[in-house]
Amino acid sequence: MKLFNKDGQGAAEIVAAVGLIANDITFDKWEPVLPFGIRDVVAIVGHEPVAALAEFYENDEIDSQKQSALKYLQQAVAFFTWLKIIPTLDAQHDTAGRSRRLGENEKGLTALQEFKDEENILRLAYEATDALVETLEVNQFPFWVNSHKYKLRNSCLIHTKEQFDEYYSIGSYRLFITLLPIMREVQQAELAPVLGNQILSLLLERSQRETDMFGDIAARAVVLFTMQKAVERLPVEVIPDGVVQVQQSQPVKSRLKAEQSARMAVAASLGADARRCIERLQQLVSEYNAESTKPVPYIGGPITHSKGLSF
């Protein structure tokens, strides 16, 4: 898949996509690493939309909506690639080994400054990917709607980020796509044993009666359990700022420990709320089953007599 270097203008396209680097970069240093940046985006949004937009890039089609999606795709790929290149750009490699490449009056960044810089580049890569997914969602391109990543939601109670936001605000299209496998797991592990496969199937088919009775509380349970598992499992950088993180002002080592403790506390709180939803669902299922059970009239058997007593 080719996303840069049309007409030999790869360096200019990368500068335009990133916007934060000098315009004298050489494309030959980027070209071997770009496929790895593409792989990072494909891991999030899937192969189909990336391949379709790469084809659009090479064919010179005129479509403003696809052009917008392509712009965000190029930005995401460029930022992910930059993150792989930048740690070694200021190093010089030769037969004698590796050395620091600095001018006579230049000073390198401190380790903390380098860490913050790379952290920000990664954040920008995820922001660009988020904007890409939002564009795909808004325009509902066939190559997106028919993709494997999109179809994962067909077996989920929650179909869109907006529905998810009704119960827990994540504000991220990218994160919603990332959470789909966890939601499917939660439905089978937590809802199916309580609702039963029949009621769960009716919910997934959007049956009006079952949706009115179980839909809201079941969706809330799925969202809360999903966020609990996301907080426990996903790397910190995958979850956007403000969703679950607690900002700390301590030094880096202390802050990381506090962050871990805070995330576990959030996970425990989410799990407790989700369990309360499950308890409510159990009550609703009992009521549902009671309503669905028709009373069976008693039909007495033949009366037999033994020593003057009737049975």
Side-chain angles (χ1 to χ4, degrees), residues 43-44 115-116 119-120 122-123 126-127 129-130 133 149 152-153 155-197 199-200 203-204 211 213-288:
I44 299 173
F115 170 77
K116 288 183 175 180
E119 191 178 48
N120 187 57
L122 181 59
R123 185 180 297 112
Y126 282 130
E127 286 286 346
T129 308
D130 205 342
V133 178
K149 288 283 187 177
L152 283 175
R153 68 189 70 190
S155 57
C156 291
L157 285 175
I158 308 293
H159 274 202
T160 66
K161 179 198 78 73
E162 287 73 20
Q163 285 180 298
F164 199 102
D165 283 343
E166 292 178 14
Y167 301 99
Y168 193 106
S169 180
I170 55 174
S172 170
Y173 290 87
R174 169 189 59 82
L175 181 58
F176 176 74
I177 299 300
T178 304
L179 294 177
L180 284 172
I182 300 179
M183 279 193 275
R184 288 157 54 92
E185 174 191 340
V186 165
Q187 282 180 195
Q188 292 304 313
E190 303 293 346
L191 286 194
V194 176
L195 294 176
N197 290 327
I199 297 178
L200 182 57
L203 277 177
L204 294 175
T211 299
M213 190 166 190
F214 303 107
D216 183 72
I217 193 68
R220 188 179 302 277
V222 167
V223 166
L224 292 174
F225 272 126
T226 298
M227 287 307 303
Q228 179 194 20
K229 293 183 182 299
V231 171
E232 292 172 341
R233 296 178 181 177
L234 297 182
V236 173
E237 61 269 14
V238 172
I239 303 177
D241 289 342
V243 176
V244 295
Q245 284 102 326
V246 178
Q247 299 301 321
Q248 304 288 341
S249 59
Q250 293 95 336
V252 174
K253 289 185 178 180
S254 299
R255 185 181 52 159
L256 291 176
K257 291 181 180 179
E259 179 82 11
Q260 182 180 12
S261 175
R263 282 167 65 89
M264 291 303 100
V266 170
S269 175
L270 288 166
D273 290 341
R275 287 295 170 196
R276 283 192 283 271
C277 291
I278 291 296
E279 291 173 2
R280 175 58 181 154
L281 269 180
Q282 290 171 335
Q283 296 175 357
L284 292 175
V285 169
S286 297
E287 295 171 9
Y288 176 88

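Computed over heavy atoms, backbone and side chain alike; hydrogens, waters and symmetry mates excluded.
- In this structure, the side chains of I177 and R153 come closer than 4.5 Å at one or more pairs of heavy atoms.
- Across all their heavy atoms, V222 and Q187 have their closest contact at CG2-CG, 4.0 Å.
- A donor and an acceptor atom, one from each side chain of Q283 and R280, are located under 3.5 Å apart.
- Between V186 and L191 there is no side-chain heavy-atom pair separated by less than 4.5 Å.
- By the 4.5 Å heavy-atom criterion applied to side chains, I158 and F176 are counted as neighbours.
- Residues G271 and F225 approach most closely at O-CE2, 4.5 Å, considering heavy atoms.
- Looking at every heavy atom in both residues, E190 comes nearest to I278 through O-CD1, 3.9 Å.
- In this structure, the separation between CE on M183 and CG on L152 is 9.5 Å, given to the nearest 0.5 Å.
- Here S169 contributes atom OG and E162 contributes atom CD; the two are 10.5 Å apart, rounded to the nearest 0.5 Å.
- Taking each heavy atom of C277 and L224 in turn, the nearest pair found is SG-CD1, 4.1 Å.
- Between the OG1 atom of T226 and the CZ atom of R233 there is a distance of 9.5 Å, given to the nearest 0.5 Å.
- Each of V285, V194, L157, L200 was checked for a side chain to side chain contact (heavy atoms under 4.5 Å, CB included) with F214, and the lone residue meeting it is V285.
- Annotation: the span from I199 atom CD1 to M213 atom CE amounts to 8.0 Å, rounded to 0.5 Å.
- Nearest heavy-atom pair, Y126 versus I44, reported as atom, atom and distance to 0.1 Å: CE2-CD1, 4.0 Å.
- The CD atom of E237 sits 5.5 Å away from atom CG of L122, with the distance rounded to the nearest 0.5 Å.
- Put simply, the side chain of Q228 does not reach to within 4.5 Å of the side chain of D273, judged on heavy atoms.
- Annotation: R184, atom CZ; neighbour count of heavy atoms from other residues, nucleotides and ligands within 6.0 Å does not exceed 12.
- For the pair D130 and R174, the tightest heavy-atom approach, listed with the atom from each and the gap, is OD1-N, 3.2 Å.
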| request: Please assess V266 against M227 for the test side chain to side chain contact (heavy atoms under 4.5 Å, CB included), listing each intermediate value before the final yes or no. | output: CA-CA 9 Å; V266 170; M227 287 307 303; over 6 Å; no
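- Remark: side-chain polar atoms of N197 are not paired, donor with acceptor, to backbone N or O of A192 under 3.5 angstrom.
- Rounding to the nearest 0.5 angstrom, the gap separating the NE2 atom in H159 from the CG atom in L204 is 7.5 Å.
- In terms of modelled atom types and a separation under 3.5 Å, the side chain of K149 and the main chain of A43 share a donor-acceptor contact.
- Panel note: side chain Y168, backbone V243; a donor-acceptor pair is recorded below 3.5 Å.
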